[in-house]
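Please read the structure below before turning to the comments.
Residue numbers start from 1 in every chain, and the chains themselves are labelled A, B, ... in the order their sequence lines are given, proteins ahead of strands.
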2 protein chains.
Amino acid sequence: MPETNAAPELNGLYFQLLNEIGIINQLSRAAFEARLPDGMVLPQFAVINHLIRVQDGRTPLQLARAFQVPKTSMTHTLAGLEKRGFVEMRANPDDARSKQVWLTEAGRTFRQTAIASLAPDVAAFSDTLDRDELVEVIATLARLRKRMDAARD
Amino acid sequence: MPETNAAPELNGLYFQLLNEIGIINQLSRAAFEARLPDGMVLPQFAVINHLIRVQDGRTPLQLARAFQVPKTSMTHTLAGLEKRGFVEMRANPDDARSKQVWLTEAGRTFRQTAIASLAPDVAAFSDTLDRDELVEVIATLARLRKRMDAARD
DNA sequence: ATTGACTGGTTCGATATCGTACTAAATGGT
DNA sequence: ACCATTTAGTACGATATCGAACCAGTCAAT
């Protein structure tokens, strides 16, 4: 029995896509965390990574939005990073309610080490897609990501 | 300073890809859970969905492997589903240690309802990719997923 | 048949994640 | 200036996730 929608099977394909994405995410998460030291967890690494990519000094709320997690979760993640000395929380000069998250030297070198230790895992399947395929699939997913982001009002 | 690897920038592209995947996964997870009733959570829905797609009667361990989660997590997820009456745990006739997970009528109708209530969310961005793009990106990711799955020994 | 290794599942304790409720600072309308 | 509303962050309690240890059933070698 087909759906009653205007473009019925499209939805099914999107479900399938999100499903694949979920599985890959789970696989990479498991692999990543296996490499990270002791209790270090993927979101913490992701935050460091993000701060490198888009400059540090972000506020906790900006980070929470970037990762689509509740701000309480970000508070927790940042607390963990601060306890390990990978980030430093400073007051926001523009807004006394707010804070800024800055990477420490330890945080930066940790990222380098982590990426290096992750490389072999990536290398284990890096022959799957060639450069052109990678570039294309990244572009496609980025398009979808932006659209989804915009769609959530 | 460039990496010392044979195909340096490839790794970077893979990181980028996994990053996009992570964000999309987070976005869809948030959207999905917003629709699901009360304390119902994405992994529970995913299990029901999986049981429909590949026939129910799977064992908990098979499910844990399919989703790449520890078996303890699956035990917990299944307990939740059973408490809600969406699945039924039966003894495995072939192995007394093992169990089988079967969908109940309630579980099946719940899935129908959930998918219907999710459809509008998908529709909100379903104009982003056309059928051909979808098919292609799904195929590419499926290839990567299988490769990653195989790579974890 | 007996024993030792292995496998499927649960229990338990530690941490992560999240929603609700709260505090303090900023903003906007009068 | 004043007060109501909004915004940034935190505290707290509930649930989810996970690793380690455990138990019972299976398998394989003898």
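The nucleotide whose nearest atom lies closest to any side-chain atom of A/Pro43 is, among C/dT17, D/dG25, C/dA25, C/dT17. In the set D/dG9, C/dG9, D/dG19, the nucleotide with an atom closest to the side chain of B/Leu61 is C/dG9. The side chain of B/Asp95 lies closest to D/dT26, out of C/dG19, D/dT26, C/dG9. Of the candidates C/dT17, C/dT10, D/dG19, C/dT10 carries the atom nearest the B/Lys71 side chain, counting heavy atoms from C-beta on.
Between the A/Arg143 side chain and the B/Thr128 main chain, a donor and an acceptor come within less than 3.5 Å of each other. Checked by atom type and distance alone, the side chain of A/Glu133 pairs as donor or acceptor with a backbone atom of A/Asp130 at under 3.5 Å. Side-chain N or O atoms of B/Gln26 include one that pairs as donor or acceptor with a backbone N or O of A/Gln68 at under 3.5 Å.
Applying the 4.0 Å criterion to OP1 and OP2 of C/dT10, one finds that B/Lys99 has a side-chain N or O inside that range. Residue B/Thr72 has no polar side-chain atom (N or O) positioned under 4.0 Å from OP1 or OP2 of D/dC18. Between B/Thr75 and C/dG9, a side-chain N or O to OP1/OP2 separation shorter than 4.0 Å is absent. Contact between the side-chain N/O atoms of B/Arg65 and the OP1/OP2 oxygens of C/dG8 is found at a separation under 4.0 Å. Phosphate contact (OP1/OP2 of C/dA16, side-chain N/O of A/His76, threshold under 4.0 Å): present.
Using a 30° and 60° split on the angle between ring planes, A/Phe86 and A/Phe110 fall in the parallel class, below 30°.
Rounded to whole Å, atom C1' of D/dG9 lies 13 Å from atom CE of A/Met74. Rounding to whole angstrom units, CG of residue B/Leu42 and P of C/dT17 are separated by 15 Å. Rounded to whole angstrom, the span from the CD atom of A/Gln44 across to the P atom of C/dT15 amounts to 12 Å. In this structure, CG of B/Asn92 is placed 12 Å from C1' of C/dG9, rounded to the nearest angstrom. Following rounding to the nearest Å, A/Gln62 (CD) and D/dG9 (C1') show an atom-to-atom distance of 14 Å. Here the C1' atom of nucleotide C/dT15 and the CZ atom of A/Arg84 are 11 Å apart, to the nearest Å. As rounded to whole Å, 16 Å separates atom P of C/dA25 from atom CG of A/Asp94. When rounded to the nearest whole Å, the span between CD of B/Glu33 and P of D/dT15 equals 15 Å.
The one candidate from B/Leu118, B/Asp121, B/Val122 that meets the side chain to side chain contact (heavy atoms under 4.5 Å, CB included) condition with A/Tyr14 is B/Val122.
Using a 4.0 Å heavy-atom cutoff across all strands shown, A/Ser98 reaches sugar-phosphate atoms only and no base atom. Residue B/Val69 is in sugar-phosphate contact alone, with no base atom involved, counting any heavy-atom pair closer than 4.0 Å across all strands shown.
Between the base of D/dT26 and the side chain of B/Arg97 there is no donor-acceptor pair shorter than 3.5 Å.
Note that the CE atom of A/Met148 and the CD1 atom of B/Ile23 stand 11.0 Å from one another [nearest 0.5 Å].
Comparing A/Gln100 and A/Arg29 by the nucleotide of DNA chain D that holds the closest heavy atom to each, the one mapping nearer the 5' end is A/Gln100. Place A/Ala96 and A/Pro70 on DNA chain C by their nearest nucleotides, and A/Pro70 ends up nearer the 5' end.
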